[in-house]
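Before any comments, here is the structure.
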Number of protein chains: 2
Amino acid sequence: MPDQSVDGRLPLYLQLRDLLAAQIRAQKWQPGQAIPSEAELSQTHQMAVGTVRRAIETLIAEGLVERTHGRGTFVRKARFDNSLFRFFRFESAEGQPLAPRSVIVGRKTIEAPRQVAEALHLKPHARVIELLRLRTVDDQPVLAENIYLCAQRFKALADKAPEDFGDLLYPLYERECGLIVASARETLTVETVTAAQARLLGLKEKTPVVVIERIAFGSDGTPLEWRQSRGAASKFRYSAEIR
Amino acid sequence: MPDQSVDGRLPLYLQLRDLLAAQIRAQKWQPGQAIPSEAELSQTHQMAVGTVRRAIETLIAEGLVERTHGRGTFVRKARFDNSLFRFFRFESAEGQPLAPRSVIVGRKTIEAPRQVAEALHLKPHARVIELLRLRTVDDQPVLAENIYLCAQRFKALADKAPEDFGDLLYPLYERECGLIVASARETLTVETVTAAQARLLGLKEKTPVVVIERIAFGSDGTPLEWRQSRGAASKFRYSAEIR
DNA sequence: TAGTGGTCTAGACCACATG
DNA sequence: ATGTGGTCTAGACCACTAT
């Protein structure tokens with residue numbers, strides 16, 4: 001009986017890619033665990049190892065697995081919470097990167113604003129948890145964040161004490177709600193800071209801030225979290241290669 | 001006699017990649033022209049077609065060539081002048097992208113500022129051409145640019161009438177100076193506009209602007225041009241995927 | 001030493017683009 | 001019809017990691 005979720009008209013290596021991707025999303029192997037070896041997969045799926053290799057190379061390009069030469073092929077852990085900081089430069093005088101800390105400064109359950117409902121694919125009046133969070137480096141406030149989560153899916157967070165959330169939210173989502181953030185899309189813009197945010201960040205009024213708007217997606221592609229992060233534009237730096 | 005510029009200790013496919021990359025940089029084939037077919041390369045270099053494929057796939061990943069199924073493998077044309085506008089959103093009310101126009105508003109030959117000399121790998125007191133350029137969309141000024149070029153290499157531009165430069169500089173560099181821009185590195189920051197720039201761009205003083213600092217490299221990797229472009233931060237928008 | 005991925009070969013056959 | 005790249009096979013041998 002042919003496997004569901006796999007299109008038989010596709011090339012073999014893509015069929016295997018889709019199958020493995022589905023199994024990874026279904027948590028058949030935990031992040032960090034090894035998937036079967038090339039030889040094993042070529043046997044169980046009745047295809048040449050070269051074809052298996054190609055499927056796995058595709059998965060690597062998509063960031064789902066990692067390979068190490070004599071060791072094996074492993075499901076990649078999604079751990080990119082700090083990647084936000086690639087847009088800002090926060091380092092000690094010696095150029096050492098500094099570890100950011102987080103404090104939750106507000107939490108309430110509200111009706112989803114239109115923009116949030118759209119981004120999270122929620123019904124117009126669905127309820128969401130709003131978190132206000134301040135991120136600090138070296139005890140200096142550097143980023144103010146507004147975070148929105150579907151109240152239904154994240155109801156474990158409505159009760160838990162915010163002091164126990166820790167510095168990183170994505171591990172918390174996984175621990176408390178069983179939701180794993182696998183990818184995200186960010187959009188950067190610039191605006192001038194509001195009075196409330198200026199107070200939080202210790203900035204003068206009308207200072208320009210960079211706004212990073214992020215939608216975080218689960219491993220099945222559903223939007224889980226919407227957040228806006230604001231930081232002083234003077235601290236902002238981003239580099240890109242083009243060709 | 002073994003080929004220079006290729007390391008015999010590397011895997012075969014990487015040796016071929018290096019060889020082809022060197023030949024492309026040396027303009028053995030013009031941009032847009034086809035390189036030899038897989039079969040031909042496998043014959044002339046005495047290796048299996050699978051190995052040739054792998055070399056070419058690497059070149060594709062690096063952006064040096066493009067392939068189309070039944071047609072062949074072609075040297076990629078570097079035509080990314082407009083890519084600067086990927087950081088800004090300039091479109092008509094209907095969402096149509098608008099074609100930018102350029103005006104050279106200043107040109108002089110000066111001693112290279114320290115930062116420019118460093119970026120272009122010039123001696124501390126080398127002379128450079130400084131161009132001031134205004135880019136407009138729909139007759140509205142949107143970007144003010146300071147452009148620096150090594151006076152020696154670009155001396156054809158010191159005399160030519162700036163009205164004849166046209167809207168795009170990189171084709172001009174190629175036509176007048178035989179220099180081809182193949183890649184670039186950009187760094188984005190935010191600052192408040194100076195009085196002179198505010199006048200040029202039609203902005204109020206102290207408006208926040210996004211600064212795009214670009215070093216453009218030739219096909220052999222030498223830095224050719226250094227430029228700073230400034231545009232109103234309110235028009236700035238940039239998106240990125242992360243995982 | 002056993003098991004893994006990394007390189008390489010020498011084919012076959014298919015799908016696409018062009019004259 | 002010809003020539004191109006795209007898929008797939010079934011091996012061989014090498015290099016790295018672990019025990």
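In what follows, every chain begins at residue 1, and chains take the letters A, B, ... in the order their sequences are listed.
You'll find the side chain of B:Gln27 reaches within 4.5 Å of the side chain of B:Gln30, heavy atoms only. At a threshold of 4.5 Å between non-hydrogen side-chain atoms, the residues B:Arg133 and B:Ile104 count as touching. Here the side chains of B:Leu16 and B:Thr51 are not in contact, with every heavy-atom distance at 4.5 Å or above.
Remark: P of D:dG5 and CD of B:Glu66 are 14 Å apart, rounded to the nearest angstrom. Protein atom CD of A:Glu57 is 12 Å distant from nucleotide atom P of D:dT7, rounded to whole Å. Atom CZ of B:Arg17 is separated from atom P of C:dT7 by 14 Å (rounded to the nearest Å). The CZ-P distance, from B:Phe74 to D:dT4, rounds to 11 Å in whole Å. A straight line from CG of B:Leu10 to C1' of D:dC14 spans 15 Å, rounded to a whole angstrom. In this entry the distance linking CG of B:Leu12 with C1' of C:dA10 reads 15 Å, nearest Å. Per the geometry, CD1 belonging to A:Ile56 stands 9 Å off C1' belonging to C:dG5, to the nearest Å.
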Nucleotide N/O of nucleotides 1-4 of chain C paired with protein N/O under 3.5 Å:
unit_1 : atom_1 : unit_2  : atom_2 : d
C:dG3  : N2     : A:Gly70 : O      : 3.0

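The stretch residues 42-53 of chain A comes close to DNA chain D through A:Met47, A:Ala48, A:Thr51, each having a heavy atom under 4.0 Å from the strand.
Residue B:Tyr13 places none of its side-chain N or O atoms closer than 4.0 Å to OP1 or OP2 of C:dC8.
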Pair A:Arg227-A:Leu169, side chain to side chain contact (heavy atoms under 4.5 Å, CB included): steps then yes or no | CA-CA 12 Å; A:Arg227 66 163 84 172; A:Leu169 287 181; 4.0 Å; yes

Verdict with supporting geometry, A:Thr222 and A:His121, side chain to side chain contact (heavy atoms under 4.5 Å, CB included) | CA-CA 8 Å; A:Thr222 53; A:His121 293 172; over 6 Å; no

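Between A:Tyr238 and B:Tyr238, the ring planes are tilted. Angles from 30° to 60° get that label. Note on ring orientation: taking the six-membered ring where Trp is involved, the planes of A:Trp226 and A:Tyr148 are tilted (angle from 30° to 60°).
The two residues B:Ala216 and B:Val181 have their closest heavy-atom pair at CB-CG1, 3.8 Å. Residues B:Ala55 and B:Arg17 share a closest heavy-atom pair of CB-N, 3.9 Å.
In this model, a donor atom of one side chain and an acceptor atom of the other lie less than 3.5 Å apart for B:Tyr170 and B:Glu225.
Atom CZ of B:Arg175 sits in a crowded spot, with more than 12 heavy atoms from other residues, nucleotides or ligands closer than 6.0 Å.
Stretches of at least 3 consecutive Watson-Crick or G-U wobble pairs, with each checked distance under 3.5 Å, appear in DNA chain C as C:1-18 with D:1-18.
Among D:dT7, C:dC8, C:dG5, the nucleotide with an atom closest to any side-chain atom of B:Pro11 is C:dC8.
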